[in-house]
Amino acid sequence: MSCDHPDLLPLEEALGRLWAALPAPALPEVRAERDDPAMDLAAMDGVALKASEGRTPRRLLGTLFAGDDPAAFEVIPGTAVRIMTGAALPPGADAIVPVEELDSTGGAVRPRVDPEAGDHVRRQGHQAKTGDLLLPVGTTLNAARVGLLAMAGLPVPPRPRLRVGVASTGNELVTHPKPHQIRDSNGPMVAALARALGAEVELRPALPDDPATLAAALLHPGDLRILLTSGGVSMGDHDHLPSVLKEIGATILFHKIRLKPGKPMLAAILGDLLVLGLPGNPVSAYLNALLFLPHALARLEGRAAPDPWRRARLTAPVKHKGDRPLLHPCRLVEGHLQPLPGQGSADLITLAKADAFAWIEPPGQEPGGKVRYLTVL
Ligand code: AMP
Ligand code: MG
């Protein structure tokens, strides 16, 4: 029988708490600094003419390209100007007849259709009038809004420089391990993951299981915005991180989530520092970094919450006895999830073979058909 606590925080709620606790960079209000378009512009390549003259032939006065000053020409009765998409309409013209709808002879053209005023013209102020609100205050930045700021002649805020630190914890972590010791694999692994997610990463030396040393490292993070630790968040006598964080005044966002592996996961805010306390077991550390770090980076950079889940069918059922959702290592074979014989949260060897982790609901809650999965980075 499982001894899981039924009140463990579901993953989605933990992600939601993290999201809500972090500030997103917000833009000031953005208003149109001029009409958009600022003049009537051609929406097609063709000729600019006066629509009321109908299909009568027009003598061509010249050509306007995008960016040309349209005052170079004046469309008087019986004339037209060749015009390219994006060029401003010359005085006297009120419609564009596209190349495809023109008969051309020498220096003259004749429309094959009856033009109407406004045809194929992007009217001045059609999209916005000077002073119109384009984005309300507090909007977050994305690539489209960068374009809008550039269009409005406003400075584009630089991408926030987020330094991410990685520090493992554990007295057992040494460079040249005796049989009762191990190397720090989580540190380099989590740092590589953070780099793959585009973060600026600093891999720090592993910290001993000593409350005073842990407190000093947390209180003096340097220029780090996020610190990912691993280990020291479970129930052992040396798992000091939760109590140290509380003692030095951190706000614990959550500790322990409804997930297998990865239950001991902790997140805390200490001043400007976000601490993501990953469990020590390598698969737990990896999966929680993969789930929580992209969320934190997206929020702090002002992007939308990422959705890393895809769906596929399992080639074989995965046995699952506990009452937490299980993330099970799989190979992706022709779009199907082939479960690997995983040995649990300490099994870095299987993690290194996996392409993906399938989300297996506790018994009785199997969805049937496709299951959701995370891709390994
Ligand atoms: P802990 O959460 O600190 O109790 O660690 C759980 C398990 O993960 C223990 O077997 C640790 O030895 C192992 N572990 C902790 N940190 C690391 C690390 N940085 N690299 C590899 N294994 C680790
Ligand atoms: Mg430990």
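Counting starts at 1 for both ligands and their atoms, following the listed order.
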Query - Residues Asp35 and Thr130: side-chain donor-acceptor under 3.5 angstrom - result: yes
With a 3.5 Å cut-off and sequence neighbours excluded, list the donor-acceptor pairs that the side chains of residues 69-79 form with protein atoms.
{"unit_1": "Asp69", "atom_1": "OD1", "unit_2": "Ala71", "atom_2": "N", "d": "3.0"}
{"unit_1": "Thr79", "atom_1": "OG1", "unit_2": "Ile76", "atom_2": "N", "d": "2.9"}
{"unit_1": "Thr79", "atom_1": "OG1", "unit_2": "Ile76", "atom_2": "O", "d": "2.7"}

Anything under 3.5 Å between a donor and an acceptor, one on a side chain of residues 147-160, the other on a protein residue two or more places apart or in another chain? List them.
{"unit_1": "Arg159", "atom_1": "NH2", "unit_2": "Glu301", "atom_2": "OE1", "d": "3.4"}
{"unit_1": "Arg159", "atom_1": "NH2", "unit_2": "Glu301", "atom_2": "OE2", "d": "3.2"}

Requested in this report: Using a strict cut-off of under 4.0 Å between a residue heavy atom and any atom of ligand 1, list the qualifying protein residues by chain and number.
Outcome: Ser168, Thr169, Glu172, Leu173, Ile182, Arg183, Asp184, Ser185, Asn186, Ser230, Gly231, Gly232, Ser234, Asp239, Gly280, Asn281
Requested in this report: Before accepting this row, confirm whether a basic side-chain N of the pair Asp272/Arg225 lies closer than 4.0 Å to the acidic partner's carboxylate O.
Outcome: no
Report task. Name all residues meeting the salt bridge (Lys or Arg N to Asp or Glu O under 4.0 Å) criterion together with Asp355; count only those two or more places apart in sequence or in a different chain, and write none if there are none. Result -> none
Query raised in the report: Looking at side-chain heavy atoms only, is the closest gap between Met84 and Thr63 below 4.5 Å?
Result: yes
